[in-house]
Amino acid sequence: MSCHHCENQHHHEHEHHHEKEENLSKYLYGIGILFFIVSFLPIFAPYKIELIVITLLCSGYEMLLNGIKNIFHLNFEEETLMTIAVISAFAIGEFTESCLVILLYRFGEFLEQRASNKSEDSIKEIVKIKADTANRVVNNTIETVDVKEVKVDDMILIKPGEKIPVDGIIIYGESDIDTSTLTGESAPVYVTKETEVLSGGINLTGAITCRVIRDVEHSTASQIVDLVYEATNNKGKTEKFITRFSKIYTPIVILVAILIAIIPFVFQFDTKEWILRALIFLVASCPCSLVISVPLSFFTSLGKISQKGMIVKGTKHIENLAKASVVAFDKTGTLTTGKMKIEQMEVLGEYTKEEILSYMYSLELLSNHPIGTAIKDYRDNIEIKEVEGYKEIAGHGLYGKIEQKEVLFGNHKLLEQYQITKDNEIPQHAICLVIERKIAGYIILTQEIRKESKNLVKDLKHIGVKKIIMLTGDNEKSAETIGKELNFNEIKASLLPQEKLKTIEELKKKGENVIFVGDGINDSPVLASSNFGIAMGAGANIASITADGILISNNLSTLPSIIKTAKRTMKVVKANIIFSLIVKLIVLVLGAIGIAPIWLAILADTGVTFLTVVNAIRNIK
């Protein structure tokens, strides 16, 4: 992974070389067609065989070479079948047929290649998110260096219009960032001091200086590119079945074709006629429409899903995504932003609201709790008081002395520890402020719901998901509030990680195909256990998360569309398999009984392949 730059350079050189070979192949194919047409002119009748040989060599030298090699290695692929058909047709004097096999087969290949290139565009766009260089700031001077030279804690300058080379935190400046290549979100994101920016985004408006928090190898862009390449090689059951199917099917077809060819020797039929039937059977039987279109359907699907803001770790997972019957969500950091807000505040003693907020905020400033931000958002210009003897009691709350008074701020466990009597009217989930052993007031917190969560349940049901549930470790009151607002079918709260896992396993035993969406840190066992695990967000080490998909965009509203794409992919794959097999069967039977001409056999191969490939690319959205 440390040689990404070298790999990219090698990849570009390989692509350029492949393009040159493709152009040469097309040029020779054109010459082959010309010689084939010329062979029909009466003036060149004495040289017909020579012209046919030139046509065969120009149009299909690669195919013939590979096919002959495959015959010796007993490797029965599509090129093997075509080579046997071409050589056999030529040997029995069917020169026109031997040329037609190569010319039509190669034409079909060019059309397939064009369709394949179109499907690869979205994957290539993802690869472009990586920057090659970075502006490193050293002693107030800026030097442009190779991105792999940038280390953690280096300072880098990102100018307007430049790609963000590595993940970092802004130290100076503010700007708008285009994150569409990462998240699929078209609206620019405003960033300022202390904001984390991810590699792959494009800086739009202002110059920003960042402290590097992850080197190029561990930055988001590199991980995404690696995951995408890994995903294209991670095959699913259907793809593996097609590969196994073609390995068994092809030798059987060759055996049947041999039997058709030797029938005339047994029953003294027209030898040439039956050999031609065998060749037609051989050409028509080629399974390339399945071998090409099925993997291409999944490959296209990976690209489309990545454009919607999610990276799927392999085509094998698309099948599980398409079968989703239950979608389970974690709450904190998934359905909610993780940001707290004060839903309710009550004053119980002699102090004013402003004084209570001041005591609370002064203690919270010394803690890492998000509660401090919630208090600040609730009321501006809060007076900050000096705190002495501060201590934090894990899972309970905070203690300190303010203005010589003993102050506690925490949950019911803190009150029990300090033997503070709580009125029954104070809710169990309230966070209380205690001054000199008397409860002076309390707040009730709620978490901010992600805006895109609002229509989630309706949209998921619309695409055929039967049940949407919440599995959270948070308290029941908080879970009920959010679950009811979002219209969830079922809400399970106060769950330990092993209890979440047990719930997923029980659903699977009932025959449900379960998608679990979590934050990827605490939910690793559940993400791994579900049929398809989705982790929220980028950053950190996304490749090591046990999820099958990473929702880089953090945008839950795209989830129904992503599942719909997976469902459509499986429909296209099944339709292509059924269509291919039916056409093949009809032409095989017609070829064996001598009704199908050679051109129909080739059409059953290259024509069906082209149609299934186009179907794969056009219908997956």
Side-chain angles (χ1 to χ4, degrees), residues 17-40 44 47-114 116 246-247 249-251 253-258 260-261 272 275-289 291-292 591 597-610:
H17 179 67
H18 181 69
E19 198 176 318
K20 279 174 76 176
E21 278 189 348
E22 217 172 88
N23 289 337
L24 176 66
S25 190
K26 285 175 185 174
Y27 177 70
L28 288 171
Y29 179 75
I31 293 172
I33 289 175
L34 188 65
F35 275 98
F36 181 62
I37 294 165
V38 166
S39 72
F40 287 97
F44 292 106
Y47 310 104
K48 189 170 179 74
I49 293 176
E50 289 85 348
L51 291 168
I52 292 296
V53 170
I54 293 169
T55 299
L56 295 174
L57 292 176
C58 284
S59 304
Y61 70 96
E62 284 177 297
M63 187 198 88
L64 292 168
L65 276 174
N66 291 335
I68 291 164
K69 280 181 194 171
N70 287 343
I71 291 168
F72 285 109
H73 289 104
L74 299 175
N75 185 10
F76 299 113
E77 293 179 350
E78 53 179 325
E79 287 179 331
T80 318
L81 298 182
M82 292 300 168
T83 302
I84 293 168
V86 169
I87 293 170
S88 305
F90 188 85
I92 62 170
E94 295 291 340
F95 303 128
T96 303
E97 280 74 7
S98 69
C99 282
L100 275 174
V101 170
I102 273 191
L103 291 173
L104 289 172
Y105 174 74
R106 294 289 287 149
F107 180 66
E109 267 194 338
F110 291 135
L111 292 175
E112 288 155 23
Q113 189 59 49
R114 193 172 173 185
S116 292
S246 61
K247 281 181 180 175
Y249 166 84
T250 311
V253 160
I254 290 173
L255 191 64
V256 173
I258 291 167
I260 292 170
K272 189 177 174 182
I275 289 174
L276 196 60
R277 286 187 189 189
L279 296 181
I280 291 166
F281 184 87
L282 207 58
V283 173
S285 67
C286 185
C288 54
S289 56
V291 174
I292 293 170
I598 193 88
W599 61 264
L600 185 61
I602 299 162
L603 195 65
D605 174 49
T606 57
V608 169
T609 303
F610 177 65

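Sorted by first then second residue, the salt bridge (charged side-chain N to carboxylate O under 4.0 Å, His left out) pairs that include residues 27-37, not counting sequence neighbours, number zero. For residues 52-62, every residue pair satisfying the salt bridge (charged side-chain N to carboxylate O under 4.0 Å, His left out) rule, not counting sequence neighbours, is listed here: E62-R106.
In this structure, the ring-ring contact (aromatic ring centres under 6.0 Å, His included) partners of Y29, at least two apart in sequence or on a different chain, are F110. Every side chain to side chain contact (heavy atoms under 4.5 Å, CB included) that L57 has, sequence neighbours left out, goes to V53. Scored by the ring-ring contact (aromatic ring centres under 6.0 Å, His included) test, Y47 finds no partners at all (sequence neighbours excluded). Looking at residues two or more places apart in sequence or on another chain, you find a side chain to side chain contact (heavy atoms under 4.5 Å, CB included) between I68 and F72, T83, I87. Applying the side chain to side chain contact (heavy atoms under 4.5 Å, CB included) rule to F35 yields the partners I31, L51, I54, T55; only residues at least two apart in sequence or on another chain are considered.
Residue-environment remark: OH (Y61) exceeds the threshold of 12 foreign heavy atoms within 6.0 Å.
When side chains are defined from C-beta on, L56 counts as touching C99, because their heavy atoms get closer than 4.5 Å. In this structure, the side chains of I102 and L64 come closer than 4.5 Å at one or more pairs of heavy atoms.
The two residues G32 and S59 make their nearest non-hydrogen contact at CA-OG, 3.4 Å.
Distance check, rounded to the nearest 0.5 Å: CZ of F44 to CD of E50 gives 12.0 Å.
The main-chain N or O of F36 is found under 3.5 Å from a side-chain atom of S39 such that the two form a donor-acceptor pair.
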